[in-house]
2 protein chains.
Amino acid sequence: MKKSTVTTRPSPKVRVLTDIMLAVFRVHGRLLEKGDELVRPLRLTSARWQALGAVALAGSPRSAPQIAVSMGMTRQGAQKQLHALVREGFFEQRSNPRHERSLLYALTALGLHAYAQAMALEVVWARALGEGLPLQDLKQTLRTLDILYERLDSPVPEKGSAS
Amino acid sequence: MKKSTVTTRPSPKVRVLTDIMLAVFRVHGRLLEKGDELVRPLRLTSARWQALGAVALAGSPRSAPQIAVSMGMTRQGAQKQLHALVREGFFEQRSNPRHERSLLYALTALGLHAYAQAMALEVVWARALGEGLPLQDLKQTLRTLDILYERLDSPVPEKGSAS
DNA sequence: TCAATAATGGAAACTGGTTGTCAATATGGA
DNA sequence: TCCATATTGACAACCAGTTTCCATTATTGA
């Protein structure tokens, strides 16, 4: 046991990684906030935009569990949003020939329109955000984030485990 | 107005930026999840760990609004965590000579111990996470995230605004 | 000095996510 | 075929954050 309060002096890499984690937290918070702001005029939020995107990108109606997967959240969480989006006219429920109980969610004209507008807004926003940043740097960042994401799948190392 | 459903064909940079945003969302989710997992044995969560860190790094007791700022969340959100952390013995309230109502939050022995342990766990975790990744790539990623964070401060561009 | 304003804490309502439970529907294997 | 198991939807409880409103305490300027 060392005497100092700080148990271990972390290596530079550990320090940069810690800073990346904190940066991800901050950026995430801002992205949510700005995303909400961006699509508010369309009566959307980031989460609802994401749900519209899940169906729009799939190209055909999708069931709630499918939408949950592509939103990266739980089935029940997605259900909540889907109910709200149906209530507000962005989605409509269609009968599912393959499953009596599990309805499909399809974009209405309103939903399709809102999504197209959101995409257009996002292009403008992203262009401003990336101005002056070399494409190569952005690609590098994306690659690193993807690698970190993959590794975050593997379990947290146990204290002293050798597995 | 174009004929296709997709209004604009985004440039490569816009596409990479969009992917980065999605990656930030995914990584954030995993970081929270894994962070909670990492410090669960210490009876902490990611949020509470962060609150302990705010006071530990400051080096002396801090008021609730100060802690809120360094946690990057609202005053009331931080208050909730602080109440819980006091209730559970990680923090203790001290009178504030400069403000009768606004108490200071100080780490207890338990809080200090838990924070030191969390830091040690994090070092092990971060080391595994960064294994094989060039330090330079990590620095590049951090720099890009920081730049994006800065730019996210500026307001969302208005549709067609020239300001 | 004292009145206006700012900072602070408390509480409530809301958002968007989670987990857990239960009942209904599908599915697959003996 | 039919039973065990898996999916699915609804609902409730909870968590962690937000906003809003109000009462109290500090601060500041006329």
Side-chain angles (χ1 to χ4, degrees), chain A residues 25-37 39-40 43-54 61-88 90-91 93-105, chain B residues 25-37 39-40 43-54 61-88 90-91 93-105:
Chain A
F25 273 72
R26 285 195 303 268
V27 171
H28 172 263
R30 286 300 167 88
L31 279 180
L32 262 190
E33 187 182 319
K34 294 293 167 179
D36 282 346
E37 197 176 313
V39 297
R40 185 172 307 134
R43 310 180 140 272
L44 289 177
T45 63
S46 293
R48 296 184 182 187
W49 178 12
Q50 197 188 352
L52 295 189
R62 284 285 176 270
S63 73
Q66 287 175 324
I67 293 169
V69 167
S70 56
M71 290 181 75
M73 72 169 62
T74 60
R75 182 169 57 88
Q76 293 86 337
Q79 284 275 5
K80 272 195 188 179
Q81 293 298 343
L82 291 174
H83 286 157
L85 286 163
V86 167
R87 193 176 350 104
E88 291 161 17
F90 294 96
F91 275 142
Q93 294 179 321
R94 301 228 182 120
S95 65
N96 185 348
R98 302 186 40 165
H99 196 307
E100 180 181 333
R101 258 190 114 205
S102 184
L103 299 175
L104 299 180
Y105 293 84
Chain B
F25 273 72
R26 285 195 303 268
V27 171
H28 172 264
R30 285 299 167 89
L31 280 179
L32 263 190
E33 187 182 319
K34 294 293 168 178
D36 282 347
E37 198 176 313
V39 297
R40 185 173 305 135
R43 310 181 138 272
L44 290 177
T45 63
S46 295
R48 296 184 181 187
W49 177 13
Q50 198 188 351
L52 295 188
R62 284 285 176 272
S63 71
Q66 288 175 323
I67 294 169
V69 167
S70 56
M71 290 180 74
M73 73 168 65
T74 60
R75 182 169 57 88
Q76 294 86 337
Q79 284 276 6
K80 272 197 188 178
Q81 293 295 344
L82 291 174
H83 287 156
L85 286 163
V86 167
R87 196 181 341 110
E88 291 161 17
F90 295 96
F91 276 142
Q93 294 178 322
R94 299 228 183 120
S95 65
N96 185 348
R98 305 185 39 166
H99 196 305
E100 180 180 333
R101 258 190 114 204
S102 184
L103 300 174
L104 299 180
Y105 293 84

Asker: Kindly say whether Met71(B) contributes a backbone atom to a donor-acceptor pair with the side chain of Gln50(B) at under 3.5 angstrom?
Answerer: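 Such a contact is found between Gln50(B) side chain and Met71(B) backbone.
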Asker: In whole angstrom, what separates Leu85(B)'s CG from dA16(D)'s C1'?
Answerer: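 After rounding, the gap between these two atoms is 13 Å.
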Asker: Would you mind classifying the nucleic acid contact of Ser63(B) as base, sugar-phosphate or nothing, using non-hydrogen atoms under 4.0 angstrom?
Answerer: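 Touches nothing.
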Asker: Given 3.5 Å as the limit, does a donor-acceptor pair link the side chain of Ser70(A) with the main chain of Ala54(A), or not?
Answerer: no
Asker: Rounding to a whole Å, what distance do you find between Arg62(A):CZ and dT7(D):P?
Answerer: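 One finds 18 Å between P of dT7(D) and CZ of Arg62(A), rounded.
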Asker: Choosing from dG9(C), dG16(C), dA16(D), which nucleotide comes nearest the side chain of Arg48(A)?
Answerer: dG16(C)
Asker: What is the separation between atom CH2 on Trp49(B) and atom C1' on dA16(D), rounded to the nearest whole Å?
Answerer: 18 Å
Asker: Please figure out whether Ser102(A) or Gln81(A) has its closest DNA chain C nucleotide nearer the 5' end.
Answerer: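 Its nearest nucleotide being more 5', the pick is Gln81(A).
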Asker: Starting from C1' on dT8(C), measure out to NE2 on His83(B) and report it in whole angstrom.
Answerer: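 It works out to 11 Å between those atoms.
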Asker: So if I take residues 66-80 of chain B and measure heavy-atom distances to DNA chain C, which residues fall below 4.0 Å?
Answerer: Arg75(B), Gln76(B), Gln79(B)
Asker: Which pair of heavy atoms, one from Tyr105(B) and one from Ser63(B), lies closest together, and at what distance?
Answerer: CD1-C, 4.4 Å
Asker: Taking CG from Asn96(B) and P from dT8(C), how many angstroms apart are they, rounded to a whole number?
Answerer: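 Checked: the CG to P distance equals 9 Å.
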Asker: Given atom CG of Leu44(B) and atom C1' of dA16(D), what is their separation to the nearest angstrom?
Answerer: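 The distance from CG of Leu44(B) to C1' of dA16(D) comes to 15 Å, rounded to the nearest Å.
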Asker: Check whether Asn96(B) reaches the backbone of Leu104(B) with its side chain - one donor and one acceptor, N or O, closer than 3.5 Å.
Answerer: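 Side chain of Asn96(B) to backbone of Leu104(B), a donor-acceptor pair under 3.5 Å: no, none is there.
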Asker: Determine whether Glu37(A) and Lys34(A) satisfy the following criterion, salt bridge (Lys or Arg N to Asp or Glu O under 4.0 Å), listing intermediate values before the conclusion.
Answerer: CA-CA 5 Å; Glu37(A) 197 176 313; Lys34(A) 294 293 167 179; 3.8 Å; yes
Asker: For the side chain of Ala47(A), starting at C-beta, report the closest nucleotide among dT8(D), dG17(C), dA16(D).
Answerer: dG17(C)
Asker: In this structure, how many angstroms lie between the P atom of dG17(C) and the CG atom of Leu32(A), rounded?
Answerer: 8 Å
Asker: Check whether Glu88(A) reaches the backbone of Leu85(A) with its side chain - one donor and one acceptor, N or O, closer than 3.5 Å.
Answerer: no
Asker: Backbone N or O of Thr45(B) within a donor-acceptor pair of the Asp36(B) side chain at under 3.5 Å?
Answerer: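 Checked: no pair found.
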Asker: In whole Å, what is the span from the CG atom of Leu31(B) to the C1' atom of dG17(C)?
Answerer: 17 Å
